[in-house]
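What you see below is based on every heavy atom in this structure, not just the backbone, and it leaves out hydrogens, waters and symmetry mates.
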Amino acid sequence: VRLDETSDAEDLFDCSRRLFPMFSGQGLFPLLCMCNHACAPSVVTRFRSWKGATLVRVEALEDIPAGQELRLSYIDENEPLAVRAAALAPYGFVCDCPKCVRQLERQGKQVATS
């Protein structure tokens, strides 16, 4: 499933129906909205429905020190750097996670030695 700068609300709705076919409608999870993006996330989300309510659970992928920001991936973090950057661009996001910084530095060194 891919969304890009030409995607509109209908595309987003269609995408969400394919990703979460068991759910319909929309939800607002105030605490989840406070999590920022990282291509090397520290948490993942798990959605489920129970007694008519949709619940979201945030699970740590690693030990997270007290005070450290919880970051999840808004996109497919397995894509190449350029594809990830393009997927985030329409939303005004520029990822600064260690994975992206490392890959950008590697690209810069390759360009400098070419």
Separation of [Y] [atom2] from [X] [atom1] (nearest 0.5 Å):
{"X": "L61", "Y": "R71", "atom1": "CG", "atom2": "CZ", "result": "13.5 Å"}
{"X": "C95", "Y": "R84", "atom1": "SG", "atom2": "CZ", "result": "7.0 Å"}
{"X": "I64", "Y": "L70", "atom1": "CD1", "atom2": "CG", "result": "5.0 Å"}

What closest approach, in Å, do [X] and [Y] show between heavy atoms, and which atom pair accounts for it?
{"X": "C97", "Y": "A40", "answer": "SG-N, 3.5 Å"}
{"X": "I75", "Y": "A87", "answer": "CG2-CB, 3.9 Å"}
{"X": "A60", "Y": "V43", "answer": "CA-CG1, 4.0 Å"}
{"X": "A86", "Y": "P90", "answer": "O-CD, 3.1 Å"}
{"X": "T45", "Y": "V56", "answer": "CB-CG2, 3.9 Å"}

Pairs touching residues 60-69 that satisfy side chain to side chain donor-acceptor pair (under 3.5 Å), sequence neighbours left out: N36-E69
Classify the angle between the aromatic ring planes of H37 and Y74 as parallel (below 30°), tilted (30 to 60°) or perpendicular (above 60°).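 Rings of H37 and Y74: tilted, 30 to 60°.
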ILVMFWY network linking L88 to Y91, side-chain heavy atoms under 4.5 angstrom: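 Same cluster: L88 reaches Y91 through Ile, Leu, Val, Met, Phe, Trp or Tyr contacts under 4.5 Å.
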Examine distances only and state if a side-chain atom of S73 and a backbone atom of C39 form a donor-acceptor pair shorter than 3.5 Å. no
